[in-house]
Each structure stands twice: as C-alpha cells, then as structure tokens.
Amino acid sequence: MSRGDGFDIVVVGAGHAGCEAAAAASAMGLRTCLITIGLETIAQMSCNPAIGGLAKGHLVREIDALGGLMGVLADETGIQFRLLNRSRGGAVQGPRAQCDKAAYRAAMRRRLEKTENLTVSQGAVSEVVVRKSAAAGVRTLDGTLLPARAVVLAPGTFLDGVIHIGPRSHPAGRAGEPPSVELAGQLKALGLRTVRLKTDTPMRLDRETVDWREFPPQPGDEEPVPFSYRTRRPLLNKVACHIGYTNAATHAVIRRNLESSPLFQGKIMGVGPRYCPSIEDKVVRFPERTRHQFFLEPEGLDAPEIYVNGLSTSLPLDVQKEVLATIPGLDRARVLRPGYGIAYDAVSSVELLPTLETRKVRGLYLAGQINGTSGYEEAAAQGLMAGINAALAVREKPPFVLRRDEAYIGVLIDDLVSTGVDEPYRLFTSRAEHRLLLRIDNAGRRLMGYGRALGLVPDEVWDEHLAARGRVGRALAYLEKTRIRTETGDRVSLAEYLRKPEIRLGDVLEYGRFKEKLSGEDERYIESETKYAGYIKKQEKEIAKAMRTDAMKIPAGFDYRLVPGLTREAVEKCEQRRPASLGEARKVPGITPAAVQNIGLYLEIGRKRRGPGIDVPRETAPDE
Amino acid sequence: MLEDTIIARATPPGIGGLGVVRISGRRALAVAEKIFEAGRKTRGGFPVRRPVFGTVRDPERPSALDEAFLTYFKAPRSYTREDVVEISAHGSPAVLEAIVRLGVEAGARPAGPGEFTLRAFLNGRLDIIQAEAVNDLVRSVSLGQARVSSRQLGGSLSRRVARLRGRLVSLLSGIEAGLEFPDEGLRTGPAAAIKALASLIPEVERLVASYERGQAIGEGVTLALVGRANVGKSTLFNALLGDERAIVTPYPGTTRDFLRETVVIGEAVFHLVDMAGLGRPSHPVEKRGVALGRRIAREADGLVVVLDASKAWSAEDGRLLRGFAGKKAVVVLNKSDLPRGLDERRVRASAGSSPVLEVSALKGRNIDPLRQALRTRFAPDAGQDEEVVLHARQRDRLQGTLEALKKAEALLAGRGPEELAAEELREAVRLVGELAGEVRTEEVLGEVFGRFCVGK
C-alpha cells in the first residue's frame with residue numbers, strides 16, 4: 001500500500017461518487033488517495049447498464065461542463081444512444097446511453113491510474129480517524145493508518161448492507177462483496193443520524209437463452225447526442241434494447257408467492273424508492289393493471305448478461321424462475337444472477353452542509369448513496385462537488401455551492417441538505433423550480449466558467465465553448481433582425497416565426513442566408529432560447545425577486561424569540577450565528593424553510609406598519 | 001414564542017358594560033395567576049374552558065381592582081394554539097388598562113394590533129384565507145359580510161380552494177409523469193388534459209366573478225352620482241342616505257367639491273359620491289369641480305345617472321349617457337313630481353341595458369325601488385352556498401390562475417410544447433397555493449407515484 005508522507009485527501013470507495021471526487025481533487029493539484037475494496041469493481045455499474053435519462057442526463061452534462069468524468073466515459077463506452085423526449089422541447093430532453101459495463105470500468109480505471117497526484121489502492125476502510133472533531137485520515141481493516149487533511153466517504157450501499165433473496169438474507173455490500181459494518185458503527189458513534197433504505201435489482205439472464213423474436217427492438221437514435229463537450233468522434237449504436245410485457249399469468253404467480261417476499265414478510269427493514277418499485281410492489285399497488293412493461297438491456301457488447309429493467313425483485317429464486325416461465329420468449333431463459341433486495345444504512349443528509357461536509361466532523365465529506373440518493377448520476381454529481389469542496393477547504397479557499405436556479409446539481413444538494421430524504425432520492429426535472437432554465441443545451445453556459453476557474457476544464461474545450469457562444473450569439477441576432485413574410489402575409493422576424501410550435505430551426509434557416517455552420521448543440525440552444533423566450537424572462541425575474549428577499553436585512557439585535565412558530569433550537573441557532581440577512585438565515589443549520597418564511601413575514605410586518613389588506617400583515621414588531 | 005407572552009384588550013376602546021383582556025403565550029397562565037385571585041380555591045390551577053369567578057389584584061397592593069371572570073384555554077386548543085387566558089371584567093377603560101398594565105408587570109408584553117391572529121396563522125391554526133376571514137368578521141359592516149366571513153373562517157373557501165388545488169395537482173402530475181418517464185407510455189394525452197381544463201376553467205371563472213358580490217358586501221361599491229347641474233343630485237344623495245348631508249339650493253352649481261358617504265342596502269355596502277354637475281361650468285372653481293367629477297366617475301365601480309324629468313331632452317343628456325357607455329349604471333329621472341318635459345323613449349334608447357327609474361328625490365317618491373334597483377344592479381345575489389371571494393388579494397390570485405389555465409389550454413389545443421403547458425399549470429398550482437398561504441413542490445411527485453406505475 002502506497003503511503004508516502006500522507007495525503008491531502010483520502011477518498012473511500014471507487015464507485016461513481018468516489019471516482020469523480022478523486023479525479024477532481026487530484027486535478028486541482030491535491031495529493032489524493034482513492035481507496036477501494038476491489039480494483040476490478042472501480043466505477044462498477046451495479047444496477048442497470050445505462051447512464052442518463054431525464055434529469056439524470058442533465059446531471060451528466062452538468063458534471064461534464066464542470067470538468068467531471070462521467071460524460072466522457074459514457075460517450076466512450078456507450079453502445080446505444082437515445083435523446084429522450086426528442087419530440088418535446090429542449091428543457092425536457094435528456095440524453096441516455098446504454099453502456100458496456102466492463103468497458104466503463106476499464107476506461108475509468110485506466111484514466112484514474114494515469115492521473116497525476118492520484119494514488120489508487122486496494123483496502124477496506126474500517127474507521128475515519130477523527131481528531132478534535134476534524135477528519136485526520138482513515139484506518140483500514142488491517143490496521144494501516146492513512147493520514148489526510150480531508151476525507152471523502154463514498155461507500156455506496158456497503159454500510160451495514162444486507163442482501164435479501166426470498167426468505168434468505170446475508171450481509172453484503174453488493175452481490176458477492178462484504179459490507180462495511182465497522183464503518184457504519186463508527187459513523188453512528190460520531191453522532192451522525194442514519195436512515196435505513198432498501199433497493200431491489202432485477203435478475204440477469206443469459207442472452208443466448210432469450211427468444212428475441214418475441215420482443216420488439218427499441219433502436220438508438222440516428223444522430224446520437226453526446227453527453228460530453230469533449231467528445232469529438234461520432235457515436236455509434238451497436239446494440240438495441242428490447243421491450244416486453246408481463247401478463248396475467250405472471251401476476252398470478254407473484255400474488256401466490258407474496259408471502260415469500262421479504263418485503264411482505266416485513267424482513268427488509270428499510271424504505272424503498274417509489275419510482276423504482278419491485279415487480280411484486282407494482283402488482284400489489286396497481287391491481288387493475290393487466291401488464292407491466294419491461295426492457296431487456298444488454299450489459300455490454302460481448303457480455304452474456306441481459307438486465308431485465310422493470311422486473312426488480314427480491315422474491316426467492318424459484319419464484320423468479322416461475323415468473324420468467326410465464327413470459328413468452330423468457331420461458332427458457334437461464335438466470336445468471338437472481339434479482340435481490342439490499343437494505344443499507346444511509347446518513348441522514350440533513351447532517352450535511354451544502355458543501356457535503358458533515359456538520360459534526362470538519363473535513364469529512366459524504367457523497368453518493370451514503371447520503372440517501374440512488375442513481376449513478378446523482379452519486380457522480382455529489383462526488384464531484386465533494387471532491388472540489390474538499391480540495392478548496394484544504395487550500396483554505398471559499399466553498400463552491402451551486403444555486404437551485406443555476407444547476408440540477410444545486411437542486412439535488414439543496415434538497416438533500418435542507419429537507420433530507422425518507423426514500424432513496426432520485427432527481428426529477430420537476431424538482432427544479434426553473435426547469436426551463438436548466439437545460440442540456442445550456443449546461444456549458446451555466447457551468448463551464450466555474451469548471452474553468454477551478455482548473456478542471458482544459459484549454460481546447462474552453463476555447464471551443466467560447467467559439468460556440470460567439471456563433472450562437474450571431475445566429476440569434478440574425479434571427480431577430482431578419483424579417484420575412486409568412487404564408488398568411490404577416491411580416492415577422494425569423495425569431496417570431498420560430499416561436500410557432502411546429503416550426504424548427506432548420507425550417508427557419510432555409511429562408512435566410514446564415515452561413516455559419518451550427519452544431520446540434522447550437523441549434524438546440526437557439527430553439528430553446530427562442531421558443532421559451534417569454535417564460536425564460538419571467539423565470540429570471542422570479543429568481544431576481546427571490547434573491548432580493550434573501551437580501552432582506554435582519555437587524556443586529558433582532559429578538560428571534562418574538563417570531564412565533566420558531567422552535568427553541570431554531571432560536572438558539574439563529575442567536576449563535578446571527579445571520580445578517582434572510583438568505584444567510586436560510587443557510588443556518590437546522591433552520592427550515594418555514595422558519596425562514598416566518599422570520600421574513602415578521603420583518604416584513606414590522607416594516608409595513610400600514611398598508612392595504614388584512615389585519616395580520618399590519619402587525620408591528622413590538623421591539624421597534 | 002418561548003418566553004414571549006402577549007397581552008391586550010380584546011374589546012374595543014371606550015366605555016362598555018364588559019371588557020375582555022386576552023393573554024396568549026407560554027406564560028399566560030403564570031401571568032394570570034399573579035394578577036387574578038379565584039373566588040373559591042381551585043385545586044390544581046384554573047379549569048380548562050370554564051369561567052372562574054374572582055378578583056383582579058395588583059400583587060403589590062391589598063385591595064382588589066375589579067371582580068372578573070377568567071377563562072383558561074389550554075394549548076393547543078385555543079385561538080392562537082398557545083395557552084390563552086381571557087379575563088372578562090367591567091368595561092371601564094381605566095380598569096382594563098390597569099389589568100393590561102398589571103399583566104405587563106407580571107411578565108407579558110403588550111400585543112401589537114392583530115398579533116393574536118398573526119400567532120394563530122404562524123402556529124398553523126388558521127390559513128391565510130381564514131386569517132383574512134377573522135379580520136372581515138370583526139369588521140363586518142353588513143350581515144352578509146359577517147355571514148360569508150364566518151363561513152370562510154370555518155374553512156369553506158379554504159376547502160374549496162384545496163379541492164381546486166387537488167384537481168390542478170392531479171392534472172399537472174399526469175403531464176409531469178409523461179415528461180419524466182417518456183419510455184413508460186404514461187402520457188396524459190392533450191385531449192384528456194383539455195377535458196379536465198374545460199371543467200376547471202369555468203369553476204375558477206365563477207370564483208373570480210363572485211368577487212363582484214364579494215366586493216359589494218365587503219369592501220363596498222363606489223357609485224358616483226352624475227348629471228348636469230341642478231338636476232337634483234344632492235337631493236337624491238340625501239334621500240338615499242336618509243339624511244341632510246349635502247347642501248341643497250335652487251341654484252345650479254351649488255356642489256363644487258364632492259361628498260362621499262356610505263349606505264348599506266340589504267347586505268350590500270355602497271359608497272355614494274355626490275359631486276358637481278357635469279355640464280358646462282361658468283365659474284373657475286366649478287370648472288375644477290367638473291374635471292374632478294369626471295375623474296371620479298371614471299374610477300367609480302358604477303354610476304347613478306341623474307336626469308331632470310321636467311326638462312326637455314337635450315344634447316347634453318345624450319352626451320352624458322353615451323359618455324359613460326360601458327360603465328354599469330342606473331338612470332334616474334328625477335323631479336317626477338313636476339310636469340313631464342322629458343321624452344322617456346329617447347332616454348331609454350340611449351340608456352342601453354341600464355334600468356331607468358322615475359323618482360322624486362324631493363318628495364321621497366320611489367326611493368325604495370331605487371335602492372332595490374341599485375342592489376340588484378351592483379350586488380346581484382349569489383346562492384346561499386355559493387362561495388364569495390371577498391378580497392382583491394384572493395381575486396388577483398384567482399385571476400392569475402385563470403389566465404394560466406387558459407394559456408395551458410391554448411398550448412395543449414395548439415399542440416404546443418407540453419413542458420410549457422406544465423409550466424402554466426405549475427404557475428396555477430403556485431397561485432392557488434398562495435391563496436391558501438402554502439407552497440409545496442414535493443406533492444406533485446407524490447401524486448405521480450401514487451397514480452402511475454413507474455419503474456423501468
């Protein structure tokens with residue numbers, strides 16, 4: 001094990017969060033160690049073989065704009081690419097790729113092993129070394145001490161993980177790998193509250209034993225849209241996914257065997273995600289449905305495994321086989337790995353600061369499933385932000401926190417630290433208040449400047465981004481100033497014409513003489529900005545208004561006890577921190593949005609002694 | 001909250017038979033115990049929600065201040081959801097002020113206006129509609145307003161708004177599910193969404209429209225009396241008020257300033273404005289009065305157009321009637337006690353849909369029918385159960401909701417982007433949420449998972 005004189009930063013766990021954290025910290029020039037229990041499972045996609053989708057694809061693009069790795073690697077190892085919601089507007093389009101799992105793992109490992117300042121080593125961490133409420137390194141099971149100035153913990157589902165298949169259960173972090181029981185115990189001892197969550201995975205089938213004639217294919221896009229600003233080579237679709245359905249016989253088998261499900265036996269202690277229910281869950285919760293859709297997804301170009309997306313289950317293996325036997329085309333399919341449920345500990349994410357540092361232990365950062373999220377993309381986004389913030393903290397620089405209105409990453413982390421989770425958290429586009437502003441086609445504009453300032457975006461990517469901005473600016477100006485006569489005889493600008501729902505940019509450019517070559521990304525950006533113009537303006541106004549509210553001053557001697565509805569804890573915290581504005585109050589740990597609203601209302605009331613409306617807002621703060 | 005306990009008199013200032021002092025907060029009981037001595041010893045403190053007879057005392061002095069009843073409302077079953085004590089004493093301002101002072105000495109703080117209701121709102125006892133209703137109820141000028149306010153305090157409008165919101169969230173979640181899970185075939189087709197909107201839009205429209213009546217029984221309808229000089233506007237003004245408020249002379253142009261008085265007709269509140277005649281002014285002061293009068297007439301909610309029935313039809317009358325076309329009006333043919341000079345058919349031809357009534361303000365003839373005509377014209381009855389929007393704030397939110405819903409409908413019908421229709425519905429949900437004073441986003445997702453089977 002490589003030790004040297006200690007590291008600046010130790011990252012525990014080489015899943016999607018850990019890899020991004022380690023890569024970012026080392027690229028920012030810090031001596032970093034990434035420690036994993038298995039070098040073979042670096043960046044393992046332990047559930048479905050796909051990256052991206054709605055909101056998740058947005059995240060990948062944001063990670064990429066900031067200089068993270070996931071987008072580049074997904075493009076590099078993708079074997080089928082689709083832009084979801086292609087027929088809808090730019091804000092709700094999300095790229096998704098089926099990836100070759102083995103290729104993704106290998107590509108990540110190669111990249112990390114080549115990275116300067118980064119040591120990748122194998123070992124099982126049993127303890128975070130804490131001195132004076134600050135992380136000082138980690139200790140492995142064999143007793144080795146790795147001193148460090150900051151620690152990023154990204155252990156996934158390994159904290160006290162227990163795998164369930166039917167009535168049987170055994171401790172495990174992932175199929176075939178041991179859990180981290182010691183670490184789970186230590187985090188609790190440090191006073192970090194935990195929640196018990198669970199998630200199910202489907203069975204993997206042998207591709208040679210599936211009768212493919214029964215399942216219509218779902219091909220990739222003709223013109224794949226890449227995740228990454230760095231991808232230069234064209235993307236190729238090499239496989240198709242296939243669509244299938246369960247039927248009445250399938251549901252009968254499941255109903256008959258419900259009592260053998262650990263879920264219904266009450267064995268799995270943990271809350272599962274509503275958006276990714278097991279097949280037994282779906283059958284029980286939606287009894288009126290006569291069939292449920294599933295997708296057959298290859299785990300790789302040459303891999304024998306087929307992932308049955310939509311048939312997650314923790315029923316016993318013999319029942320899983322019985323279920324498959326009811327579905328024409330899968331009736332002879334061989335199960336290479338049974339579906340299973342896994343229950344695990346997650347740290348209550350309200351224990352975290354917006355930098356993902358724990359409130360209780362300075363220098364200890366948590367990222368990924370340990371914070372109660374699910375999904376590779378959510379994990380990677382947190383890993384990147386934790387790695388960046390750990391590096392900034394070691395360098396004694398101000399933290400890097402994204403707002404809800406500038407990135408899905410901001411929405412994700414703000415949701416985590418301010419409200420916490422009671423089920424595995426997944427990002428959705430509807431979680432964003434300003435969905436029309438957070439698009440894949442403007443991720444670079446929103447975030448690449450930050451990535452560049454952090455030193456994570458290389459010159460050629462930045463230069464190309466600036467060139468695209470110039471091009472797009474000229475195109476937008478051209479559309480505004482060029483006027484045409486429409487079929488109905490009205491004279492309108494090309495931009496106005498483009499606002500009609502059925503008109504695409506291609507149609508508009510046919511009219512004119514704009515000679516510069518626009519990229520697909522440029523075109524999507526121009527369409528979104530033009531078609532959403534009125535809405536974008538309105539949302540920007542709302543954001544400005546919210547920022548003004550946050551700027552509302554709280555008088556120095558303000559007596560928080562006067563504000564009704566505040567808990568004693570909230571009053572004490574505010575009195576300790578003495579926030580100067582409502583925005584600062586929002587960031588005081590333990591202060592709920594409702595508490596901030598009450599403080600704001602109270603201040604507002606004090607200011608407006610007189611005014612129209614109800615008696616209530618005419619209230620006078622008695623201390624003034 | 002915490003140590004902060006407030007005290008104030010709850011009955012209006014002035015001398016009354018009884019007066020009530022209210023104390024709310026954690027230490028309400030402790031404060032009360034210091035200043036109130038029960039007549040008979042009560043074991044284990046004051047009973048809950050039962051008046052106790054006793055005396056109010058200054059702890060520093062031997063003699064009692066007043067005899068009083070004390071009622072204790074234990075948190076959270078009280079108006080503010082905090083501990084509340086009400087002391088009902090004799091209504092002398094001096095006594096009540098003394099009780100408040102004693103309470104303050106015993107550790108309470110004088111409450112600001114409306115602070116009890118504010119606490120009820122902040123502690124979640126009332127939503128904002130109910131808080132508004134409390135204020136309306138205590139300030140009701142008319143019985144109609146009192147009845148509507150009391151029903152709204154009971155939560156009738158809040159429930160109605162909550163149901164509306166539920167339907168909006170449900171519609172939105174259908175669209176969101178289709179956007180978030182494009183591969184799962186969950187799409188709520190535009191047709192289904194348009195159908196849902198077709199029943200939502202008229203409902204919101206009805207609520208918006210009910211503000212007309214709400215305003216009449218709440219904030220009041222401003223009616224301007226317009227007409228040429230010397231047609232008897234001021235006499236009519238006085239007759240409607242049943243009072244000699246305006247100075248009446250036989251000379252044209254007597255009224256140069258304007259007068260404003262409030263009169264309740266049935267349940268409706270009217271603010272009548274009397275002003276200078278709108279004819280051709282001869283005096284500079286009168287001239288300014290006329291200009292002011294025109295502005296008031298334009299800004300009023302409605303008009304009472306007064307014509308002189310004893311004079312022949314003039315071009316001036318025609319201009320007057322046409323000049324305010326588009327404004328709701330009632331036309332009065334005054335001086336009907338004098339020999340008729342006016343051709344009524346010409347009046348009716350110019351009056352459009354406005355009712356025309358013959359009145360003699362001087363003799364008090366037909367004043368009651370005029371009152372009734374004003375009521376039906378400007379404050380039409382709503383059914384007993386029909387919900388009425390009383391506040392401009394509420395109306396504005398509903399108006400915004402209506403506009404958002406109409407835009408969503410147009411977008412869906414025109415095959416516009418669904419995410420924009422979703423944006424409009426989100427706006428509608430936000431506004432309706434604001435109406436009830438609460439905003440939550442997690443809800444839509446909750447409904448998505450409750451109704452749709454997702455999980456690729």
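Sequence lines set the chain letters: A, B, ... in the order given, protein chains first and strands last, and positions in each chain run from 1.
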Heavy-atom proximity to chain B below 4.5 Å, by part of Q539(A): side chain
Residues, nucleotides or ligands: over 12 heavy atoms within 6.0 Å of R291(A) CZ: no
Under 4.5 Å from a heavy atom of chain A, the part of L411(B) involved: side chain
From E424(B), E423(B), E419(B), residue fulfilling side chain to side chain donor-acceptor pair (under 3.5 Å) relative to Y535(A): E424(B)
Nearest heavy-atom neighbours spanning P501(A) and R415(B): CB-O, 3.7 Å
Working for side-chain contact (heavy atoms from CB on, under 4.5 Å), residues R82(A) and D183(B): CA-CA 11 Å; R82(A) 287 172 62 220; D183(B) 278 351; 2.9 Å; yes
Chain B contact via K56(A) - side chain, backbone, both or neither, heavy atoms under 4.5 Å: neither
From CG (L420(B)) to NZ (K531(A)), nearest 0.5 Å: 9.5 Å
Test item: S430(A) and E176(B) side chains (from C-beta on) under 4.5 Å apart, heavy atoms: yes
Steps toward side-chain contact (heavy atoms from CB on, under 4.5 Å) verdict (R431(A), E180(B)): CA-CA 11 Å; R431(A) 293 197 195 269; E180(B) 300 279 11; over 6 Å; no
Contact origin within E542(A) toward chain B - heavy atom pairs under 4.5 Å: side chain
Structural part of A50(A) lying under 4.5 Å from a heavy atom of chain B: neither
E433(A) with R426(B): basic N within carboxylate O range, under 4.0 Å: no
Taking every non-hydrogen atom, the tightest pair across P182(B) and N85(A): CB-OD1, 3.3 Å
Which atom of L54(A) lies closest to which atom of L179(B), heavy atoms considered: CG-O, 3.4 Å
